[in-house]
Asks: 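Following this message is one structure expressed as structure tokens.
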Amino acid sequence: MRPPQFTIGPSVMKKTIIALAAMACPLMAQEAAPAAPAAPAAPAPAAEAPAADASVYEAIAMEQLACVKEICETLKTVKDKETADAAAPKVKELAAKMDAVQAKAKDLPEPSDEVKEKLEASLEAQIKPMMQEFVGVLLPLAMGNFYGSEALSAAMDAMEDSEGEPEAPAAE
């Protein structure tokens, strides 16, 4: 019996799943947080942010999608260990850029249900094909352990760490 040509360990699968989650619009994740109760008839403090309209949320989502597209285009250039090592700094830079975009999203107030619906309708057609393309590029690289490139693996770890998820120890 021939041994398998590759194996997918839990760490690689986790990186792939985290990368896909990073690509999804961070604004949709705000649904999980409960809205703060309204203050009773007291004047609103000056520091309270007004609700943003859909265009603000959409602009942030588009910035995030642009980052993912750039990461995808960068990963498409990876054909061997040398090109994987060369792509690593750009992937790491783009992961940091995605962090900055996500920080902007976290600073926004909870979008209204109407805004959420509008965003979902307008972004769904763009997110789905981007996810498919990203998976098509990332999965073979991850399965091939990024051609043995420690630099690209570390850059992907940086993207994973940027999501705030603690890395689980690899099962051996």
Side-chain angles (χ1 to χ4, degrees), residues 1-32 55-108 119-172:
M1 181 181 276
R2 289 177 32 190
Q5 293 181 345
F6 59 84
T7 58
I8 302 175
S11 178
V12 171
M13 286 307 296
K14 183 177 179 197
K15 288 178 187 176
T16 304
I17 291 167
I18 295 295
L20 290 174
M23 191 175 65
C25 178
L27 304 171
M28 302 307 163
Q30 291 182 0
E31 288 182 316
S55 65
V56 173
Y57 296 98
E58 188 168 11
I60 288 176
M62 295 307 292
E63 280 184 71
Q64 181 112 20
L65 283 173
C67 288
V68 172
K69 184 169 180 62
E70 276 191 80
I71 290 170
C72 191
E73 293 302 317
T74 301
L75 292 177
K76 284 180 183 179
T77 67
V78 175
K79 306 295 181 206
D80 53 26
K81 184 179 185 309
E82 184 180 331
T83 55
D85 287 341
K90 182 70 173 174
V91 170
K92 196 168 188 174
E93 171 190 323
L94 291 168
K97 188 175 176 180
M98 280 180 44
D99 282 348
V101 174
Q102 289 173 348
K104 284 196 281 188
K106 287 178 183 176
D107 289 342
L108 290 175
L119 284 171
E120 287 172 12
S122 68
L123 296 175
E124 182 178 7
Q126 296 172 41
I127 290 173
K128 187 175 180 178
M130 179 57 65
M131 287 181 72
Q132 290 172 338
E133 181 179 11
F134 192 69
V135 170
V137 172
L138 179 62
L139 195 56
L141 290 173
M143 289 173 27
N145 197 28
F146 304 104
Y147 291 101
S149 170
E150 291 179 22
L152 186 55
S153 182
M156 295 305 291
D157 283 345
M159 188 175 350
E160 176 181 340
D161 292 342
S162 73
E163 290 301 302
E165 295 287 327
E167 184 165 340
E172 295 190 30

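Only heavy atoms go into these numbers, but all of them, side chains included; no hydrogens, no water, no symmetry mates. Along the sequence shown, residues are numbered consecutively beginning with 1.
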Asks: So how far is it from Met62 CE to Gln64 CD, rounded to the nearest 0.5 Å?
Replies: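 If we round to the nearest 0.5 Å, Met62:CE and Gln64:CD are 11.5 Å apart.
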Asks: Could you state the interatomic distance from SG (Cys72) to CD (Gln132), rounded to the nearest 0.5 Å?
Replies: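 Going from the SG atom of Cys72 to the CD atom of Gln132 covers 11.5 Å.
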Asks: Can you tell me if Ser153 uses its side chain to pair, donor with acceptor, with the backbone of Ser149 under 3.5 Å?
Replies: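 Not a single qualifying donor-acceptor pair exists.
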Asks: Is the CD atom of Glu150 crowded by more than 12 outside heavy atoms at less than 6.0 Å?
Replies: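 Atom CD in Glu150 is not packed in, count stays at 12 or less.
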Asks: Take Glu133 and Lys76 through the test side-chain contact (heavy atoms from CB on, under 4.5 Å) and record every step on the way to the result.
Replies: CA-CA 10 Å; Glu133 181 179 11; Lys76 284 180 183 179; 2.4 Å; yes
Asks: Tell me, with the steps shown, if Lys81 and Leu152 meet side-chain contact (heavy atoms from CB on, under 4.5 Å).
Replies: CA-CA 9 Å; Lys81 184 179 185 309; Leu152 186 55; over 6 Å; no
Asks: Return yes if some donor-acceptor pair links the side-chain N/O of Asn145 with the main-chain N/O of Gly148 below 3.5 Å, else return no.
Replies: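 Checking the backbone N and O of Gly148 against the side chain of Asn145, no donor-acceptor pair under 3.5 Å is found.
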Asks: Is a salt bridge present between Glu63 and Lys97, judged by a nitrogen-to-oxygen distance below 4.0 Å?
Replies: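 Looking at Glu63 and Lys97, the cut-off is not met.
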Asks: Would you give the length of the straight line joining atom CG of Asp99 to atom CG of Leu94, rounded to the nearest 0.5 angstrom?
Replies: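 Reported to 0.5 Å precision, the distance equals 11.0 Å.
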Asks: Check the pair Glu93 / Lys90 against side-chain contact (heavy atoms from CB on, under 4.5 Å), numbers first and verdict last.
Replies: CA-CA 5 Å; Glu93 171 190 323; Lys90 182 70 173 174; 3.7 Å; yes
Asks: With rounding to the nearest 0.5 Å, note down the distance linking CG in Leu75 to CG in Leu139.
Replies: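 The CG atom of Leu139 is 12.0 Å from CG of Leu75, to the nearest 0.5 Å.
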Asks: Which heavy atom in Lys92 sits nearest to a heavy atom in Ala155, and how many Å separate them?
Replies: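 Minimum heavy-atom contact is N-CB, 4.0 Å.
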Asks: How far apart are the C-alpha atoms of Phe134 and Ile71, what are their side-chain angles, what is the distance that settles it, and do they pass the side-chain contact (heavy atoms from CB on, under 4.5 Å) test?
Replies: CA-CA 9 Å; Phe134 192 69; Ile71 290 170; 3.7 Å; yes
Asks: Could you report the tightest heavy-atom contact between Met130 and Leu65, atom names first, then the distance?
Replies: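 Minimum heavy-atom separation between Met130 and Leu65: CG-CD2, 4.2 Å.
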Asks: Roughly how far, to the nearest 0.5 Å, is the CZ atom of Phe146 from the CG atom of Asp80?
Replies: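 So the CG of Asp80 and the CZ of Phe146 are separated by 15.0 Å.
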Asks: Could you give the distance from NZ (Lys79) to OH (Tyr147), rounded to the nearest 0.5 Å?
Replies: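 Spacing of NZ (Lys79) from OH (Tyr147) equals 7.0 Å.
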Asks: Does Leu138 reach the side chain of Met156, with side-chain heavy atoms less than 4.5 Å apart?
Replies: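 Yes, close enough: below the 4.5 Å cut-off.
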Asks: Can you confirm whether Glu73 is buried at CD, in the sense that more than 12 heavy atoms of other residues, nucleotides or ligands lie under 6.0 Å from that atom?
Replies: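 Counting other residues, nucleotides and ligands, CD of Glu73 exceeds 12 neighbours.
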